[in-house]
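These numbers come from the heavy atoms of this one structure, side chains and all, not from hydrogens, waters or symmetry mates.
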Amino acid sequence: MGTKIKNIEKAEVFKMQDEVQYQDGQVVSKTLSQNQAVSLTLFSFEKGEEISTHKSGSDAMATVLEGTGKFTIDGKEYILNDGESIVMPAEIPHAVYGQERFKMLLTVIF
């Protein structure tokens, strides 16, 4: 099974955080790959925007590319800055909030 990366030029150097833009009052997402094995998605959060509490059937690893995000996992808050990552475990309630405007790469393994 061939896995495809989409929405990014191949064989070109790029900065991941430049691949998704901020938009006032929104959370913006850009899918890079999604199939039955993996999902790679870039997100940008304006300050104060959020993805409310939910559960996922798989572990999800978030890596902050720029800015500051607040991750709430099973009721505990974590503040992450550029270059920091956290794993949100499967079946555990979690939420993501723009503490400041920030961008992240979300990797989910199914």
Side-chain angles (χ1 to χ4, degrees):
M1 171 182 79
T3 301
K4 303 279 189 218
I5 300 280
K6 61 184 183 178
N7 298 324
I8 289 183
E9 292 298 319
K10 295 178 177 66
E12 288 189 16
V13 176
F14 66 95
K15 288 188 175 183
M16 190 76 71
Q17 63 267 32
D18 293 344
E19 293 298 319
V20 65
Q21 303 307 312
Y22 295 110
Q23 290 187 24
D24 287 343
Q26 294 186 34
V27 175
V28 178
S29 66
K30 180 179 183 179
T31 301
L32 304 182
S33 185
Q34 190 162 13
N35 58 44
Q36 58 267 38
V38 67
S39 172
L40 293 173
T41 309
L42 289 169
F43 286 90
S44 70
F45 287 72
E46 270 297 337
K47 181 177 181 176
E49 295 301 317
E50 68 180 325
I51 296 174
S52 59
T53 303
H54 63 284
K55 292 181 185 179
S56 172
S58 300
D59 290 346
M61 183 174 66
T63 300
V64 174
L65 303 170
E66 176 180 288
T68 304
K70 179 173 75 175
F71 296 77
T72 304
I73 302 170
D74 205 18
K76 183 174 179 186
E77 292 182 357
Y78 303 85
I79 302 296
L80 277 73
N81 298 293
D82 303 14
E84 296 180 322
S85 300
I86 195 164
V87 174
M88 297 172 282
E91 303 304 333
I92 301 296
H94 58 272
V96 183
Y97 176 79
Q99 187 78 7
E100 298 295 333
R101 64 180 354 203
F102 84 103
K103 296 178 181 179
M104 72 173 184
L105 173 64
L106 185 68
T107 304
V108 181
I109 306 298
F110 301 110

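Shown here for Ser52 and Ala95, the closest heavy-atom pair between the two residues is C-CB, 3.9 Å. When all heavy atoms are compared, the tightest approach of Phe45 to Tyr22 is O-CE2, 3.6 Å.
Remark: Asn81 engages Thr68, Glu84 in a side-chain contact (heavy atoms from CB on, under 4.5 Å) (not counting sequence neighbours). By the salt bridge (charged side-chain N to carboxylate O under 4.0 Å, His left out) test, Lys55 is found to be paired with no residue, residues two or more places apart in sequence or in another chain being considered. Looking at residues two or more places apart in sequence or on another chain, you find a side-chain contact (heavy atoms from CB on, under 4.5 Å) between Asp18 and Lys15. Under the rule for a side-chain hydrogen bond (donor to acceptor under 3.5 Å, both in side chains), the partners of Thr63 that lie at least two apart in sequence or sit in another chain are Ser85. Residues passing the side-chain hydrogen bond (donor to acceptor under 3.5 Å, both in side chains) test with Tyr97: none are found, sequence neighbours excluded. For Glu49, there are no salt bridge (charged side-chain N to carboxylate O under 4.0 Å, His left out) partners at least two apart in sequence or on another chain. Under the salt bridge (charged side-chain N to carboxylate O under 4.0 Å, His left out) criterion, Glu50 pairs with no residue, sequence neighbours left out. Residues passing the salt bridge (charged side-chain N to carboxylate O under 4.0 Å, His left out) test with Lys30 are Glu19, sequence neighbours excluded.
Val27 is connected to Val64 through a chain of hydrophobic side-chain contacts under 4.5 Å among Ile, Leu, Val, Met, Phe, Trp and Tyr, so both are in one cluster. Taking hydrophobic clusters as Ile, Leu, Val, Met, Phe, Trp and Tyr residues chained together by side-chain heavy-atom distances below 4.5 Å, Ile92 shares a cluster with Leu80.
A donor-acceptor pair is defined here as one N or O able to donate and one able to accept, closer than 3.5 Å; no such pair exists between the side chain of Lys4 and the backbone of Asn35. Proximity of a side-chain donor or acceptor of Asp59 to a complementary backbone N or O of Ala90 within less than 3.5 Å is detected.
The shortest distance between side-chain heavy atoms of Thr53 and Thr72 does not fall below 4.5 Å. The closest side-chain heavy-atom distance from Val28 to Gln21 is not below 4.5 Å. Residues Phe43 and Val96 are not in side-chain contact: their nearest non-hydrogen atoms beyond the backbone lie 4.5 Å or more apart. Put simply, the side chain of Asp74 reaches to within 4.5 Å of the side chain of Pro93, judged on heavy atoms.
Through direct or relayed side-chain contacts under 4.5 Å between Ile, Leu, Val, Met, Phe, Trp and Tyr, Val87 connects to Met61.
Atoms CG and CG, from Leu65 and Leu42 in turn, are 6.5 Å apart once rounded to the nearest 0.5 Å. Of the inter-residue distances, the one linking Ile79 atom CD1 with Ile86 atom CD1 reads 10.0 Å to the nearest 0.5 angstrom.
Residue pairs meeting the ring pair (Phe, Tyr, Trp, His ring centres under 6.0 Å) criterion with at least one partner in residues 73-95, sequence neighbours excluded, are His54-His94. Annotation: salt bridge (charged side-chain N to carboxylate O under 4.0 Å, His left out) contacts involving residues 88-99, sequence neighbours excluded, are absent.
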Kindly list each side-chain donor-acceptor pair under 3.5 angstrom involving residues 100-110, sequence neighbours excluded, with atom names and distances?
unit_1, atom_1, unit_2, atom_2, d
Arg101, NH2, Glu46, OE2, 2.6
Lys103, NZ, Gln17, O, 2.7
Lys103, NZ, Val20, O, 2.8

